Number of protein chains: 2
Amino acid sequence: MFNISKEDYLRVIYKNYTAGSLVTATVIADKLNVSNAAVTDMLKKLAKEKLIKYIPYKGVELLQKGMELAISLVRRHRIWETYLYKIIGLPLSMVDSEAENLEHSSSDELINRLEEILGYPEFDPHGDPIPSKKGILPKKKKSIPLSELEVDEQGAVLRVNDDSDEFLEHLTKLGIELNRKIKVVERRSFDNSLLIEVHADAPLRGKKEHSISEKYAKNIFVEVKSKK
Amino acid sequence: MFNISKEDYLRVIYKNYTAGSLVTATVIADKLNVSNAAVTDMLKKLAKEKLIKYIPYKGVELLQKGMELAISLVRRHRIWETYLYKIIGLPLSMVDSEAENLEHSSSDELINRLEEILGYPEFDPHGDPIPSKKGILPKKKKSIPLSELEVDEQGAVLRVNDDSDEFLEHLTKLGIELNRKIKVVERRSFDNSLLIEVHADAPLRGKKEHSISEKYAKNIFVEVKSKK
DNA sequence: CAAAATATTTAAGCGCACTTAAATTTTATT
DNA sequence: AATAAAATTTAAGTGCGCTTAAATATTTTG
């Protein structure tokens, strides 16, 4: 892999940070598919630019400047994803990799225009929050994995937790996308697989039943609406 | 300037080639704003990859493979320009530099989709031809510079010959864009400046008179429609 | 047509983002 | 707490696309 830029390092640090614990070199190396040595090199450069706080052998976290840059990148990425999906009509399984390329080569003006065309969306097609021009993230709604829904309970898809093509393509086949309502019809305790009812959008109406494995269900997050 | 890629070299060679004469190193260096030494370096690499025929001290021309790559790049560039202008609504003076960034980071699928959305346009907003998926260029219509129109003659804008922001912004102010009809009302032989009538598009109707210098008129190409 | 001017290439070197291999620090184990 | 295992950093080196300065080839011109 080539030409992984500083921005990508910042994005990985941003996405893998959880309060209180630093992001380690190995995590970054894995996500970017580069050697640990390359990561150490880059971290030293980013630290010199005051973008991150780097504690050798321990890990890193973002400083103000780095945080701003990372958020701007995430914003660009998620706005492109949303645009590619909703306006251009690319399949969900393509938008992530396409956006990853485009995010590095779009002016702020273009991004702002795309956002305007989209009507200032709060979440991208995976359900991830889109930072505003000023870097503010919309509050996320509470969600639970589909796997934790009880039988006869229903929820609306809020977020998916995996970027692999296979995962996303399968969801598309099942008609599962953001905001789609899903009801659990049956749970088979043998393997914890579920029989679900995917409610169609207004135009087509109706609902379809599908069987999904526990692993899929654990990576689909829904907002619980009501019991029935 | 940094990170000027092979593709950019190929594009410059493509754009500056005229049958029978090779493209010289200096022309390339000027267009890309790099040193002659950098150009020589890169030409050797491109020649090794059989993308170009390089005759030291003389210049270069594209070979089959290089031609295909260059045309694909030009296609990506012009489709983005058209999309940014017509769909996204960016000002004409911005589309060239924006497209220059995007053209290197878009998949063929995306480009094909944009082309489809645009309805398979033949020309970009500057009037330059857009190569088809197979690399075929639409036949260009015959055009003459606005400066060569006679008084009372009228033509439709087919192409503009300058990419500078100032030039394009001024045209926008005058309401001059592709396919717009222009009539020469008066020619002042003192400085060869023209008084022109720019016909508005259907929705607004009417026409506006403007005075433009010879230099502007020489860079606007029109298709002669009729005498009056 | 030789000398001067111009264009082009070669040489040496730089910063970047990587690599592998060796050295060092941290963590886990008993 | 010593030692083995794992994680991380340092060291050395690579290819890329650039730079400036020097050498060489081509073109112009008086």
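These figures come from a predicted structure and were not determined experimentally. Naming: A, B, ... by sequence-line order, numbering from 1 per chain.
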Ignoring hydrogens and angles, state whether a donor on the side chain of A:R75 or A:N112 is under 3.5 Å from an acceptor on the partner side chain.
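Present: a donor and an acceptor within the cut-off.
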Respond yes when some side-chain nitrogen or oxygen of A:K58 is under 4.0 Å from OP1 or OP2 of C:dT27, and no when none is.
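Looking at the OP1 and OP2 atoms of C:dT27, one of them is under 4.0 Å from a side-chain N or O of A:K58.
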Could you state the atom-to-atom distance from [atom1] of [X] to [atom2] of [N] in whole Å?
{"X": "A:L46", "N": "D:dT9", "atom1": "CG", "atom2": "C1'", "result": "16 Å"}
{"X": "B:I55", "N": "C:dA7", "atom1": "CD1", "atom2": "C1'", "result": "16 Å"}
{"X": "B:L43", "N": "C:dA7", "atom1": "CG", "atom2": "C1'", "result": "14 Å"}
{"X": "B:L22", "N": "D:dT26", "atom1": "CG", "atom2": "P", "result": "14 Å"}
{"X": "A:H104", "N": "C:dA17", "atom1": "NE2", "atom2": "P", "result": "12 Å"}
{"X": "B:N33", "N": "D:dT20", "atom1": "CG", "atom2": "P", "result": "12 Å"}
{"X": "B:I28", "N": "D:dC18", "atom1": "CD1", "atom2": "P", "result": "12 Å"}

Which comes earlier along DNA chain C counting from the 5' end, the contact point of A:V39 or that of B:P56, where each point is its nearest nucleotide?
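The residue closer to the strand's 5' end, by nearest nucleotide, is B:P56.
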Can you classify the ring geometry of B:H170 versus B:Y216 as parallel (below 30°), tilted (30 to 60°) or perpendicular (above 60°)?
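B:H170 vs B:Y216 ring planes: tilted.
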NA contact type, B:A25, heavy-atom cut-off 4.0 Å: base, sugar-phosphate, or nothing?
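Touches sugar-phosphate only.
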Indicate, with a heavy-atom threshold strictly under 4.0 Å, whether B:K45 touches base, sugar-phosphate, or nothing.
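It contacts base atoms.
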Between B:K44 and B:E49, is the closest basic N to carboxylate O distance under 4.0 Å?
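No.
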Give a yes or no on whether the backbone of A:P129 and the side-chain of A:R78 come within a donor-acceptor separation of less than 3.5 Å.
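Indeed, once roles are kept as given, a pair shorter than 3.5 Å links the two residues.
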Looking at B:L110, is its backbone amide N or carbonyl O close enough to the side chain of A:E98 to form a donor-acceptor pair, meaning the two atoms are under 3.5 Å apart?
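A pair under 3.5 Å: no.
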Close side-chain approach of A:L158 to A:I220, heavy-atom, < 4.5 Å
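No, side chains not in contact.
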Close N/O contacts between protein and nucleotides 10-13 of chain D (under 3.5 Å):
from: D:dT10; atom 1: OP2; to: A:K44; atom 2: NZ; distance (Å): 2.9

Pair B:N219, B:R159 - check side chain to side chain donor-acceptor pair (under 3.5 Å), show working.
CA-CA 8 Å; B:N219 283 289; B:R159 198 162 58 79; over 6 Å; no
Selection from [options] that lies nearest to any side-chain heavy atom of [X]:
{"X": "A:M42", "options": "D:dT20, C:dC18, D:dC18", "answer": "C:dC18"}
{"X": "B:S35", "options": "D:dC18, D:dT20, C:dT20", "answer": "D:dT20"}
{"X": "B:A38", "options": "D:dC18, C:dT9, C:dA17", "answer": "D:dC18"}

